[in-house]
Amino acid sequence: MARVVALTGGSGFIGGQIARMLVAQGCTVRALSRTQSGCKHGIEWVQGTLESPRALAELTAGANVVVHCAGAVRGRNVQSFHEANVEGSRRVMEAARKSGTCERFLHMSSLAARYPELSWYAKSKFDAEQQVISAAGDIKVGIFRPTAVYGPGDRELQPLFSWLLRGFLLRLGSAESRLSFVHVYDLVAAVLQWINSPIAKPATYEISDGTLGGYSWKDLAKIGADIRAAQVRQIAVSVVLLRLIARANLALSYVFRRPPMLTSSKVNELIHCDWTCSNRDITRAIGWVPRITLRRALQDRLF
Ligand SMILES: NC(=O)c1ccc[n+]([C@@H]2O[C@H](COP(=O)([O-])OP(=O)(O)OC[C@H]3O[C@@H](n4cnc5c(N)ncnc54)[C@H](OP(=O)(O)O)[C@@H]3O)[C@@H](O)[C@H]2O)c1
């Protein structure tokens, strides 16, 4: 087991779960945060941002593993995603190399990186992967491309699933679209397994809950209906309406001074017709298999 793990994104949904798991496994966890400092819940917080080489040097000093999970998932334009995701990742890798102790670097990318042309976010995640790989030197890099992640602490998919269990499914995009999901506990288990695996060949892994062919909207409605033992009504949200909401949301983001989640660029991701993927490569490489299907998670309210 790694002795010292440097973690970015530890204050976020996925990074928070990774931090808790690493502490529970007995690792020394040093985590970057824009707001926290000191030692809390067994985590040593380093205050700073992805833009600060000084904070990143402090974060990575003496670490033998770096898990880079910070990233912008909301933004107004291509530059804001580029700065946080591409430049930010480059700086974290640079700090890891300068530390002289880092042997492994796990980069949390996204399945969206498979389609860089789709959105600002997708392009930034793809470009970040290239940056990390090209700057790695002797450090062994693992790139995780999870599909949509859900579970305790998530705010993006939670409303969709809550409404589904109340009998309403808001359908975005075509009825024929294929979706996929992965529970955060399974993703975190994959992170731990990768850190502990003897092989560390640089590789990129797509990650989902393993449901072959993913889920159609009809499948989601059926899961919801089975759990409720009552009907689920599908409500199709037209792309035109989605784009109008995205425009309004962008305008409001200036008023409330918060980066928007829904933009016209994001709509392209939401209506993309095929978000399925295969765990074959990661299972072969480190033996990880997901344990939690969406049906089980919804049944047991694991979200
Ligand atoms: N959630 C998903 O479905 C999903 C799917 C595939 C891939 N991913 C990837 O997984 C990673 C984590 O996503 P998440 O869902 O956990 O998002 P999240 O809850 O929004 O967390 C993002 C984290 O990144 C940190 N961060 C962002 N910009 C930063 C900066 N400039 N300097 C320092 N820290 C910064 C945030 O810090 P603050 O707390 O200070 O804001 C937060 O800790 C991202 O790289 C995302 O692209 C997520």
Side-chain angles (χ1 to χ4, degrees), residues 6-21 29-37 43 45-56 58-60 66-75 79-92 95 106-116 118-129 131-132 143-161 179-188 190-191 204-209 258-261 266 269-270 272 275 277 294 303:
L7 172 70
T8 68
S11 56
F13 160 49
I14 298 173
Q17 295 285 357
I18 294 174
R20 278 188 276 285
M21 176 273 298
V29 180
R30 201 179 300 132
L32 184 74
S33 170
R34 294 194 272 203
T35 50
Q36 312 198 52
S37 60
I43 301 163
W45 292 98
V46 172
Q47 198 163 8
T49 72
L50 295 174
E51 290 75 38
S52 162
R54 182 207 51 77
L56 295 176
E58 190 185 337
L59 178 78
T60 52
V66 171
V67 178
H68 175 39
C69 191
V73 294
R74 305 167 186 80
Q79 294 91 327
S80 59
F81 283 104
H82 180 87
E83 180 51 36
N85 294 345
V86 185
E87 293 302 317
S89 301
R90 182 185 58 72
R91 288 190 203 101
V92 178
L106 180 53
H107 176 73
M108 192 62 73
S109 183
S110 162
L111 192 58
R114 201 162 67 175
Y115 307 105
L118 211 54
S119 66
W120 303 326
Y121 171 73
K123 169 138 179 61
S124 71
K125 295 304 278 187
F126 175 80
D127 290 349
E129 291 180 355
Q131 281 283 351
V132 163
I143 295 190
F144 277 17
R145 284 183 173 180
T147 181
V149 187
Y150 69 98
D154 158 55
R155 283 175 302 167
E156 312 304 338
L157 286 169
Q158 202 272 345
L160 178 78
F161 296 147
L179 314 165
S180 64
F181 304 94
V182 65
H183 196 280
V184 71
Y185 293 165
D186 273 335
L187 177 59
V188 162
V191 170
T204 299
Y205 303 116
E206 297 186 346
I207 293 178
S208 76
D209 74 359
R258 291 205 50 187
M261 176 50 100
K266 191 76 187 173
E269 281 174 40
L270 294 178
H272 183 67
W275 282 117
C277 65
L294 186 62
F303 65 97

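Just so you know, ligand 1 is whichever comes first in the structure, and atom 1 is the first atom listed for that ligand.
- In summary, the atoms of ligand 1 found under 4.0 Å from a heavy atom of V149, numbered by their order in the structure, are 2 (C), 3 (O), 4 (C), 5 (C).
- In terms of protein heavy atoms, atom 16 (O) of ligand 1 is closest to I14 N, 2.8 Å.
- The heavy atom nearest to atom 12 (C) of ligand 1, out of those in G9, S52, C69, S33, is found in C69.
- Between the side chain of K123 and the backbone N or O of H82, no donor-acceptor pair lies under 3.5 Å.
- For the atom pair F181 CZ and L294 CG, the distance stands at 6.0 Å (nearest 0.5 Å).
- The single protein non-hydrogen atom nearest to atom 19 (O) of ligand 1 is F13 N, 2.9 Å, given as residue, atom name and distance.
- Of the protein's non-hydrogen atoms, the one nearest atom 26 (N) of ligand 1 is R34 NH2, 3.7 Å.
- Proximity of E51 to ligand 1, defined as any heavy-atom pair under 4.0 Å, is confined to the side chain (atoms from C-beta onward).
- Here L111 has no heavy atoms under 4.0 Å from ligand 1, in either its backbone or its side chain.
- With respect to R54 and E58, a salt bridge is recorded, a charged nitrogen being found less than 4.0 Å from a carboxylate O.
- Closest protein heavy atom to atom 6 (C) of ligand 1: P146 O, 3.4 Å.
- Ring geometry for H272 against Y115 counts as tilted: the plane angle lies between 30° and 60°, on a 0 to 90° scale.
- Given atom 25 (C) of ligand 1, the protein heavy atom at minimum distance is A70 CB, 3.7 Å.
- Partners of V73 by side chain to side chain contact (heavy atoms under 4.5 Å, CB included), not counting sequence neighbours, listed by chain and number: Y121, M261.
- Between the S33 side chain and the Q47 main chain, no donor and acceptor come within less than 3.5 Å of each other.
- Atoms of ligand 1 found under 4.0 Å from any heavy atom of K125 (numbered from 1 in listed order, with element): 44 (C), 45 (O), 46 (C), 47 (O).
- With hydrogens left out, the protein atom closest to atom 21 (O) of ligand 1 is G12 CA, 3.4 Å, a heavy atom.
- When non-hydrogen atoms are compared, ligand 1 lies under 4.0 Å from the side chain of Y121 (C-beta onward) but not from its backbone.
- Protein heavy atom in closest approach to atom 9 (C) of ligand 1: S109 O, 3.7 Å.
- Here the heavy atom of the protein found nearest to atom 39 (O) of ligand 1 is S11 OG, 2.6 Å.
- Residue G71 has at least one N or O atom closer than 3.5 Å to an N or O atom of ligand 1.
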